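The structure appears right after this line, and notes come after that.
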Amino acid sequence: MALQIFNVLGREKQLFQPIEPGFVRMYVCGLTVYDYAHIGHAKNYIAFDVVVKYLRHSGYNVLYVQNITDVGHLRDDGTDPIIKKALRAQSAPMQIVEMYARSFFEDMDALGVIRPDISPRASAHIPEQIKMIQTLIRKGHAYEVNGSVYFDVTTDPDYGKLSNRRIDAQQAGSREEIRGEKRNPEDFALWKNAEPEHILRWDSPWGEGFPGWHIECSAMAKKYLGDTFDIHGGGIDNMFPHNESEIAQSECANDADYARFWMHVGSLTVDGMKMGKSLGNFVTIKDALKRYRPEVIRMFVQSAHYSSPIDYSDDAVQGVARGHERMMNAVRLTRRALATAPQTDDGNAILAAVEKARADFTAAMDDDFNTPLATAALQELTREVNALLNSGTTVGASVLKAIAETYDQLGGAVLGIIPATDDSAAGNASREAGLIELLIKLRSEARAAKNWKESDRLRDELAALGVILEDRADGTVWKVN
RNA sequence: GGCGACGUAGCCAAGUGGUAAGGCAUGGGUCUGCAAAACCCUGACCACCGGUUCGAAUCCGGUCGUCGCCUCCA
């Protein structure tokens, strides 16, 4: 079975085939860097991280571009949040941009989100944007008024094809207060004349100003991916007006299709409500990472399909954490057993389950990146693996290797929910591990002498330090929590 | 008002025509010095009404409810 992707453009699942065989060009709208990234951003970028990783796992070469918006993304009151923050902090706008851009990458690194191949900044691509705007003016799709340039939506009969929002002819040119200096209320800015207090400004053929938010993505996507590319992603809240306007600008300027597949990620709410500073339910990625390990956060946001909304709550994440722990126990058992396993294929009956898990996983991911179903395949495998490795029977190295590789490749490299190494993995020669092993040995001696008081004390005190012991038939194992 | 999404067991959630995956929680069991872990068993006829069909959670119409966007937002 081949990869199917739900294309928002057309609202149907379509067979995915890149323009150039084997090579995927992909653009995802990046963050506007004026504050710390929150778990809603985490959901979005983890989703595309998995898309990129699965495409690569499937053999595609992927060129992944994700921009950084550092200018032009105005709020509804017309202010630029970056400038606002800079004035408050008495620093330069680009200091603010740098600080939060770095923070964003730190967060993504911590979450195991692979960095894009190119992270272009809007402010570094002003010439490209100006050029594109000039093309739009020349072709009659844009007009200049008082140093600002607007896109005339009535010149693009396709405007609205992504969001299904068609321009209402009745509305066009109606009320002066909505329209302002624009020809139509729906027209959007390509370039804005800078008021004196607007400190982020550049020279342009229309005077000093700054670019509109939408043109940035169009210009950067064109520069790095060409006029037409394979996948464009973003949060569903960007569908209108941002993505719709990108399409209009690019297709009118380039006389070519823009992105062939559009993917939108569902929003994340916190305790049933939209995240907001004023609501006091704003959860940054840094906050979440203090509470949960990154793999758990990843598994949580992948517990629903990427296009669905999801609600973040401690109860929900905790439930996922328990399931994750069960899977990790199986992974640890496998890795530990592998270190001392005989070179046989004992226990190879489980290979059928391994193969089934791999097939189910692939089928699920091929069906529009169905991560909940793909995860279920690994969980079913986990049940089999736990049953086998707790049964006391000998399992050969080749069998254990097949299991370990399945976890590493599918759960690790693709979903990012299984770390490549674990503190308690066999072969860890660190001093801390050695000390823990020593204490376990002392406790084992106490247990052999049926000195339960002493053995329980050692276990309890280790637990207080975050080291959890489990007594198994073949010895005591440990893990950190 | 316009555009769109959703409503599946206590909770999360997959499933778009053929008698409901998976996870968490609950209860019972096995194992264990105890604990922990693990495994086994344990649960829903899919918001409601009507229609299409041999057959629908799945298609169509309607009702109720929740949410997103339309204005900055991933």
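All chains are named by letter (A, B, ...) in the order of the sequence lines, taking the proteins before the strands, and each is independently numbered beginning at 1. No experiment lies behind these values; they were computed from the predicted model shown. These numbers come from the heavy atoms of this one structure, side chains and all, not from hydrogens, waters or symmetry mates.
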If the [atom1] atom of [N] is compared with that of [M], how far apart are they to the nearest Å?
N	M	atom1	result
rC46(B)	rG18(B)	C1'	16 Å
rC40(B)	rG23(B)	P	9 Å
rA57(B)	rU52(B)	P	16 Å
rG10(B)	rA47(B)	P	13 Å
rG22(B)	rG43(B)	C1'	15 Å
rU58(B)	rU53(B)	P	16 Å

task: Whole angstrom is fine here: how far is it from NZ in Lys453(A) over to P in rG33(B)?
output: 21 Å
Distance test, side-chain N/O of [X] to OP1/OP2 of [N], below 4.0 Å:
X	N	answer
Asn329(A)	rA37(B)	no
Asn370(A)	rG15(B)	yes
Arg326(A)	rC39(B)	yes
Asn386(A)	rC39(B)	yes
Arg447(A)	rG33(B)	no

Strand partner of [N], provided both Watson-Crick or wobble distances fall under 3.5 Å:
N	answer
rG1(B)	rC70(B)
rC24(B)	rG10(B)
rC34(B)	none
rC39(B)	rG29(B)
rC59(B)	rG51(B)

field: Check: Ala402(A) main-chain N/O paired with Thr406(A) side-chain donor or acceptor under 3.5 Å
entry: yes
message: I want to confirm an ordering. Mapping Thr375(A) and Arg459(A) to their closest nucleotides on RNA chain B, which one lands closer to the 5' end?
response: Thr375(A)
- request: Name the nucleic acid region contacted by Gly30(A), choosing base, sugar-phosphate or nothing; use a 4.0 angstrom heavy-atom cut-off, strictly under.
  value: sugar-phosphate
- prompt: What nucleotide, of rG33(B), rG4(B), rC70(B), holds the atom closest to the side chain of Arg165(A)?
  reply: rC70(B)
- request: Working to the nearest 0.5 Å, report the span between CZ of Phe151(A) and NE2 of His214(A).
  value: 11.0 Å
- prompt: Going by heavy atoms in the side chains, are Val97(A) and Tyr34(A) under 4.5 Å from each other?
  reply: no
